[in-house]
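Computed from a predicted structure; not experimentally measured.
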Amino acid sequence: MQERYEHAAIEADAQAWWDGRRVFAATEDRSRPKYYCLSMFPYPSGRLHMGHVRNYTIGDVLARFMRMQGRNVLQPMGWDAFGLPAENAAMANGVPPARWTYDNIAYMKRQLKSLGLAIDWDREVTTCSPDYYRWNQWLFLRMLETGVAYKKTGVVNWDPVDQTVLANEQVIDGRGWRTGALVEKREIPMYYLRITQYADELLAALATLPGWPERVRTMQANWIGKSVGVRFGFPYELGGERRVLNVFTTRADTIMGVTFCAVAAEHPLAAHAARGNPALAAFIEECKQGTAMEAELAQQEKKGMPTGLFVTHPLTQQPVPVWVGNYVLMGYGEGAVMGVPAHDERDFHFARTYGLPIRQVIQKAGQSFADDAWQPWYGDVEGTTCIHSGKYDGLGHEQAVAAIAADLKVLGVGDTQVQWRLRDWGISRQRYWGCPIPIVHCAGCGDVPVPDDQLPVVLPDNLVPDGSGNPLGKTPAFVDCACPSCGKPARRETDTMDTFVDSSWYFLRYASADNARAAVDDRADYWLPVDQYIGGIEHAILHLLYSRFWTRVMRDLGLVKVDEPFQNLLTQGMVLNDIYFRKPATGRIVYFNPTEVEIKTDAAGQQAAFLKSDGAPVESGGIGTMSKSKNNGVDPQLLVEQFGADTARLFMMFAAPPEQSLEWSDQGVQGAYRFIRRLWKAVYEHVAAGAVPGTATMDALTGEQRTLRRQVHQTLVKVTDDLGRRRVFNTAVAAVMELMNALDKFTDTTAPGRWLRQEALEKVVLMLSPIVPHICHALWRELGHEGALIDERWPERDASALAQESVEIVLQVNGKLRGRIVVPVGASEADVKEAALADPAVMRWVEGKPIRKVIVVPGKLVNVVA
RNA sequence: GCCCCAGUGGCGGAACGGUAGACGCGUCAGACUCAAAAUCUGAUAUCUGCAAGGGUGUGGGGGUUCGAGUCCCUCCUGGGGCACCA
């Protein structure tokens, strides 16, 4: 055995061994329980970043661990290859997005391979390939047929200078990122998927996902946002015609406190009132300007303007003024709300601003109402009763809502209704680098779906966008076509699909990746659902919800049998690093990569950062997610070259639990490397000492030998639990490190001692193999095994090694630690209590006080309450 | 603004209501070396004490419990998401 640990040779050798025997190619072996281990596929941005390394190492550890547990493991990989960055790169470099993307994929695939991941590359999926996206198109057409897909108008960010639609990301402070022009909202026709039709099921089924983090389920439930309330109408007359203004409210109990109604700027009533009212028309225009982003809308100043119209309160018959409010969303409910300033905070501030009356109709015991300042209890529903509400006075929230809903129903103006926050999913994007929507617009026949036998509608791969609109629209070879229905010249749809479509079913395609005739086949029934899905917390809502929806749509089309695609979910935390920058007097902030920066400590002990290239200081921007924009990423390539994939993997697993954010640390990497070299050295020295004699008889072991063997098996129990049940890896690594520390101190060179060392090292190599597979592959051979480690099973614990004769008990007096005693295992509670009370330290602390209570936790502690 | 999560030594973190700080990093001391690096050994929350020991301590405040870093309420700070970044 070689004395030096040489990661490059060891890793190349192990990877060649796995590749040469195709050990990770998965087949549908029905005799074994399957394990589908899936990591979120990467966007091919150019190079792998640390977030990827973390994500894929977690997946790989679980995949390899489950393989050792006897499961038939599938771990596939692919590319989320459509998207905006390719268009941005094209604009910057003049290279077509297709070439940029495929070059990136080739490079990143080499990087992934160098990490030694147990991936079945035969199932690789690339979403920008026609082999994949033709099925997006095919599935979209099925959704059109079943009514899941439909067309309506939607709001987009419009850059009036570039004449193009902007992504939210491209809008900075309300202006276009390239032109600096004020962004406008614009309504255009788009295709939508009826996810709201599945809202009930998507919400209810969260209860069937105990393997998901509670917080993700909560976020999804809030996103779907089911609320039960009352929908009712305020009657009014317009041009001699009787109409109603419908609103939805969860607070029908406050209906007697209505002093105004507010409608969205896009509401028909607003448009009507604006005719002949230039000031109102201007206000409505102003509301329609600006952002379409919820985060910005929610923070802008609440503004409104009266329409001059009045509606009638359905219960009091009083006239109620109608306002236009910029805080009313057309997309939610009816696009109109009843205004109850006394009991809704937004309405309160609105009413205060515009001098509208505030009428208290809810009271709470011990609280007094004043209309000059908002108090949180005004919005309470518990412990409140109605006042100033006529026949409803004295009723609680629920009773009042029920009574008022019933009365509105009798009047024929309202009823209880379930309202969802969830909106239908708009999938049209006015962009080039995406999956073409398979529709042809014909002057005679209208919107005609492309027939299945003409799929895929192939995206031309040689265009270079210039930022002014979708280049597809300027490409006659793409746009001009014959109508599939009448054959006359027609125009092809130039919108492409949201890239979330691509990622909503790729995990199904992996199971049937080579099928050119169908999107999925019965192999999907074998592999699905995904047993373990691993990805960033930033996908907690959208991607995961869309995937759950899409899977159900495919189920209802008879294509798959599962309801839920992902049985267990692990949301890994972000990878963070230091941020350094300079802010020139004019121009934009310049960020420097931490590798370009040197930290110096001056005479006074103050630390300061300097740029290596010019020696001048840079400012510290704290710590943040590794990102291109902050230029604080670390290239995994350099790490792998310098220290090897095993070190990179070990550091990632050891530095933090998987769900927490992870701070990058060069010194932490050094520590991981040091441990790997220690492991190598321990095996080297053991092997160099010659062959291990026979076997040892357990009952002949000395106390010290028994202690070591117990620790070996205790570590095995802990690591098995951490990897299997708890899914935390940092503590598993720590336990093995402790064992290695103990092994260092175990200098016994007798025959049983050497035998124990052999056993300990074998267990360590097996336990660490999911995390650092390359070095373990090599060490397993060196420890004298003919077969390869990849074919080994996870070791079993030896119960006899774990047996103990005595156990330490912690003694507390009034909850404070005061001493310890050692008692025999299985000592009775009474004996332990007696021993505890007889302990000198306990006696000293309870002296003179009557003992009120003694709590005994068997095998752990005694707490004396005095 | 709304929804979700996290705050523990100099740092990353451990503690699955029961010994706070495992393990690693860093620092300090020692060994080896002409020297340095590497490696190895030991110490390392804080205050008090010669020591044994004792006090304090898990972002702030309050609560539940024999016992709270852990559960509940509230506030502060940081992070993620908010529907066209992926």
Where the chi angle of B/G9 falls, syn if within 90° of 0 and anti if not: syn
Does [N] have a Watson-Crick or wobble partner in any strand here, with both distances under 3.5 angstrom, and which is it?
{"N": "B/G78", "answer": "B/C5"}
{"N": "B/G57", "answer": "none"}
{"N": "B/G10", "answer": "B/C25"}

Base, sugar-phosphate, or nothing: which does [X] touch, judged by heavy atoms less than 4.0 Å apart?
{"X": "A/K718", "answer": "nothing"}
{"X": "A/P657", "answer": "sugar-phosphate"}
{"X": "A/R217", "answer": "nothing"}
{"X": "A/A295", "answer": "base"}
{"X": "A/R674", "answer": "sugar-phosphate"}
{"X": "A/D502", "answer": "nothing"}
{"X": "A/F500", "answer": "base"}

Residue-phosphate contact under 4.0 Å: A/T499 side-chain N/O, B/A86 OP1/OP2: yes
Ring geometry between A/W100 and A/Y43 (parallel below 30°, tilted from 30 to 60°, perpendicular above 60°): tilted
Rounded distance in Å - CG (A/N730) to C1' (B/A15): 12 Å
A/K302 NZ - B/G1 P separation (whole Å): 10 Å
Note: A/D495-A/R429 ion pair, threshold 4.0 Å (strictly below): no
Heavy-atom donor-acceptor pair, A/D722 side chain to A/A732 backbone, under 3.5 Å: yes
